[in-house]
J.: 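Okay, here's the structure, questions in a sec.
Excluded from the calculations below are hydrogen atoms, water molecules and symmetry mates; all remaining heavy atoms, backbone and side chain alike, are included.
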Amino acid sequence: MKMFAKINENICNMTAIIFENEPLMKSLQQAIFDMMLTDPAVGGGVLLGHKLGLPLVFNVRWTIHGEGHFVIAPSPLSYVPSLGAELTDKMTFIQRVRNVLNYFTVSYQQSTYFGQPFKAFCQKYFGPDVDYFSLLQNADIWLMRNDFTFEFPRPTMPNVVYMGGFQCKPSNPLPDDLEKFVQSSGKHGLIIMSLGSLFGELQGDVTDEIAAAFAQLPHKVIWRHTGPQPSTLGNNTLLVDWMPQNDLLGHTKTKVFVAHGGTNGIQEAIYHGIPILGLPLAFDQPDNLLRMREKGTAKVLDISELDRSVFLEALKEVLYNTSYRENMQKLSQLHRDQPIEPLDHAVFWIEYVIRNGGAPHLRTQSFRMSWITYHSVDVMLTLLGALLISGWLTFFVLRYLCFRVIFKTKLKLE
C-alpha cells in the first residue's frame with residue numbers, strides 16, 4: 001500500500017511539473033486537441049484533460065479507486081464481487097458478508113493510500129470545488145478492457161463500451177526456429193508458459209519444481225523465463241526471453257497456456273480457445289482466474305503450495321480432460337460472435353466523442369448526488385415520517401371519537 005501511495009504521489013508531482021511548465025502548457029493549449037485518451041489507473045491524464053478542458057475517453061480496467069465499474073456503475077454487493085474477494089455472482093450469506101467487509105476495507109485503503117495525493121493536487125490547482133473522484137466519473141466514454149464472456153453479468157452504464165480482446169488477432173506464422181521446435185512436438189503438441197512482463201522469473205526452488213514437472217511430459221514446452229536456468233530443465237523445454245504469445249496461442253499445436261492471470265493473456269486465450277493452468281501471483285490475477293475456473297476453462301493452483309507432483313497432476317488434468325478445451329472453445333465462439341470487432345467498436349466511440357465534442361448525454365447524474373440523495377434516504381425518511389404522522393393523527397381521531405361515543409352513552413344512562 002505504501003509503495004502504491006508513493007507511486008501516486010510521484011504521478012501527482014510529475015503532473016505538477018507539467019502544469020507549472022508555462023511554455024509546455026501554452027503549446028498544449030494552442031494545439032487545440034479534440035479529446036484526451038488516457039488510462040485512469042495512472043491519474044495524470046485525468047488531471048491534464050481537465051486542465052485543458054478536453055472530453056475524456058478512458059482505456060480502462062482499473063482506476064486509483066479500484067475496478068472501473070465500481071466508480072461509474074451501480075454495484076450491488078449481493079451479487080457483484082468486490083476487488084480481491086475471489087467470489088462469484090452466486091454468493092452464500094457468509095460470502096456476502098465477506099464481500100461487504102472486503103469492499104469497505106479496500107475502499108478505505110484506496111481512499112487513504114491512493115486518493116490523498118490527488119485530493120491535495122486538486123485542492124491546489126483546481127480549488128475546493130473540484131475533487132478527483134468526480135473528474136473520473138465525469139469522463140465521456142469508458143472503453144472497458146473486458147466483456148461478459150469474461151466478467152460476471154452486472155449493471156452497467158450508457159457510456160461504458162466493452163472492448164475485451166481488442167488486442168487479439170489471428171496468429172501470424174512463427175519464426176523458423178520456433179516453428180521447427182513446435183513441429184517437433186509431433187502428436188503430443190505444445191505447452192506455453194508466461195507469467196507476464198512483471199514476473200519474468202520465480203524463486204529458484206519453484207522454477208526447479210516447474211521444470212521437473214515439464215520434463216516428465218511428452219509435450220514440447222516454450223517457457224518465457226528470464227532468470228537462471230533451472231537445474232531440472234528437460235530436453236523438451238525451451239526457455240526464451242520473449243515469445244510471440246498471440247501467435248503461439250493461435251498455433252494448432254498449442255494445448256495449454258500456463259499463465260499468471262493477467263487480463264491481456266486471458267483475453268488472448270479466450271480468443272484462441274486455449275485452456276489455462278493458472279498461477280496467480282498478485283493484483284487482480286486471482287479474481288481473473290477464478291472467473292475462468294468458474295466457467296470451466298481453467299485449473300488454478302496456489303503457487304505457495306506448488307511442487308512438481310501438484311503441478312504435473314494439474315497439467316495432466318487440463319491436457320487430458322477435454323472439458324477444459326471444449327468450454328474454452330465455446331467461450332471463444334461467444335466472444336467472436338459479435339457484429340463488430342472490439343477494436344473497431346472502440347475506434348467508433350473515440351471518433352464519436354471527437355465529432356460531437358464529448359458525450360454528456362450519456363453521463364449519469366448520480367455522481368453529482370450526495371449518498372443520501374443517491375440512495376433516496378431523504379425520500380424514505382420523509383415517507384416514513386408521513387406514515388408516522390398519519391398513524392398518529394388516525395390514533396388521536398379514533399381516540400377522540402371513542403371518548404365522544406362513551407361520553408354520549410354515559411349521559412343517556414344518567
J.: For E317 and Y324, test the side chains for any donor-to-acceptor distance below 3.5 angstrom and give the result as yes or no.
T.: yes

J.: Do V240 and W223 have side chains that approach each other closer than 4.5 Å (heavy atoms only, starting at C-beta)?
T.: no

J.: Any Lys/Arg nitrogen of K169 or D247 sitting under 4.0 Å from an Asp/Glu carboxylate oxygen of the other?
T.: no

J.: Where do A314 and K299 come nearest, in terms of heavy atoms and distance?
T.: CB-CG, 4.1 Å

J.: Minimum heavy-atom separation for A5 to P117, with atom names?
T.: O-CG, 4.3 Å

J.: Spell out, as yes or no, whether a donor-acceptor pair under 3.5 Å connects the side chain of S370 to the backbone of T373.
T.: yes

J.: Determine whether more than 12 heavy atoms belonging to other residues, nucleotides or ligands lie under 6.0 Å from atom CZ of F104.
T.: no

J.: I'd like to know whether CG of D177 has more than 12 heavy-atom contacts from other residues, nucleotides or ligands below 6.0 angstrom.
T.: yes

J.: Looking at every heavy atom in both D34 and L54, which two are closest together, and how far apart are they?
T.: C-CD2, 4.4 Å

J.: Any heavy-atom pair between the side chains of K330 and N327 that's under 4.5 Å?
T.: no

J.: Determine whether F118 and F133 satisfy the following criterion, ring-ring contact (aromatic ring centres under 6.0 Å, His included), listing intermediate values before the conclusion.
T.: CA-CA 9 Å; F118 291 91; F133 195 62; over 10 Å; no

J.: Surrounding CD of E22 (heavy atoms of other residues, nucleotides or ligands, distance under 6.0 Å), is the total greater than 12?
T.: no

J.: Any idea which heavy atoms bring R224 and M243 closest together, and the distance?
T.: N-CE, 3.5 Å

J.: Check for me whether R61 meets the cation-pi criterion with F70, that is, NZ or CZ under 6.0 Å from the six-membered ring centre and within 45 degrees of the ring axis.
T.: no

J.: Restricting to non-hydrogen atoms, name the atom on P244 and the atom on L178 that form the minimum distance, rounded to 0.1 Å.
T.: CD-CD1, 3.7 Å

J.: Would you say the side-chain atoms of Q137 pair up with the backbone N or O of V71, donor to acceptor, closer than 3.5 Å?
T.: yes

J.: Give a yes or no on this: more than 12 heavy atoms of other residues, nucleotides or ligands lie within 6.0 Å of atom CG of N172.
T.: yes

J.: Are the aromatic ring centres of F152 and Y79 under 6.0 angstrom apart?
T.: no

J.: With no hydrogens and no angle check, just 3.5 Å: does a side-chain donor-acceptor pair link D147 and H335?
T.: yes

J.: Between I276 and V256, is there a side-chain heavy-atom distance shorter than 4.5 Å?
T.: no

J.: Could you tell me whether the side chains of E179 and H251 share a donor-acceptor contact shorter than 3.5 Å?
T.: yes

J.: Is a side-chain donor or acceptor of D287 paired with a backbone partner of G84 at a separation under 3.5 angstrom?
T.: yes

J.: Looking at R399, I want to see if its CZ is surrounded by more than 12 non-hydrogen atoms of other residues, nucleotides or ligands under 6.0 Å.
T.: no

J.: Any donor-acceptor pair under 3.5 Å linking the side chain of T254 with the backbone of L248?
T.: yes

J.: I need the minimum non-hydrogen distance between C122 and L47, along with the two atoms involved.
T.: SG-CD2, 3.9 Å

J.: Could you check whether atom OH of Y400 has more than 12 heavy atoms from other residues, nucleotides or ligands sitting under 6.0 Å from it?
T.: no

J.: State, with a plain yes or no, whether a side-chain heavy atom of V60 is found less than 4.5 Å away from one of T63.
T.: yes

J.: Step by step, work out the ring-ring contact (aromatic ring centres under 6.0 Å, His included) result for F121 and Y132.
T.: CA-CA 9 Å; F121 186 98; Y132 183 80; 9.0 Å; no

J.: Indicate yes or no: at least one non-hydrogen side-chain atom of K51 is less than 4.5 angstrom from one of Y125.
T.: no

J.: Within the supplied structure, the quantity of interest is the number of heavy atoms (other residues, nucleotides, ligands) at a distance under 6.0 Å from E341 CD; does it exceed 12?
T.: no

J.: May I ask you to decide if the ring planes of F148 and H69 are parallel, tilted or perpendicular, using 30° and 60° as cut-offs?
T.: tilted

J.: Can you check whether V161 reaches W142 side chain to side chain, under 4.5 Å on heavy atoms?
T.: no

J.: Between the side chains of N356 and H361, does any donor sit under 3.5 Å from an acceptor?
T.: no

J.: Can a donor-acceptor pair be found between the side chains of D131 and S134 at a distance below 3.5 Å?
T.: yes

J.: I'd like to know if the side chain of N102 pairs up with that of S82 as donor and acceptor (distance under 3.5 Å, no hydrogens or angles considered).
T.: yes

J.: Indicate yes or no: at least one non-hydrogen side-chain atom of L52 is less than 4.5 angstrom from one of Q29.
T.: yes

J.: Could you tell me whether R154 and D89 make a salt bridge, using a distance below 4.0 angstrom between a side-chain N and a carboxylate O?
T.: no

J.: Give a yes or no answer on whether the side chain of T38 reaches the backbone of P40 with a donor-acceptor pair at less than 3.5 Å.
T.: no

J.: Determine whether T156 and Y162 satisfy the following criterion, side-chain hydrogen bond (donor to acceptor under 3.5 Å, both in side chains), listing intermediate values before the conclusion.
T.: CA-CA 10 Å; T156 186; Y162 295 96; 2.8 Å; yes

J.: If you count every heavy atom of other residues, nucleotides or ligands that lies below 6.0 Å from Y320 atom OH, does the total exceed 12?
T.: yes

J.: Tell me whether the rings of F348 and Y352 are parallel (<30°), tilted (30 to 60°) or perpendicular (>60°).
T.: tilted

J.: Is a side-chain N or O of T92 found less than 3.5 angstrom from the main chain of Q95, in a donor-acceptor match?
T.: yes

J.: Checking H272 against N246 for the side-chain hydrogen bond (donor to acceptor under 3.5 Å, both in side chains) test, could you report, in this order, the C-alpha distance in whole Å, the side-chain angles of both residues, the deciding distance, and whether it holds?
T.: CA-CA 8 Å; H272 293 292; N246 182 75; 2.9 Å; yes

J.: Using side-chain heavy atoms (C-beta onward) and a distance below 4.5 Å, is L362 in contact with I141?
T.: yes

J.: Assess, by modelled atom type and distance only, whether the side chains of Q167 and Q267 contain a donor and an acceptor separated by less than 3.5 Å.
T.: no

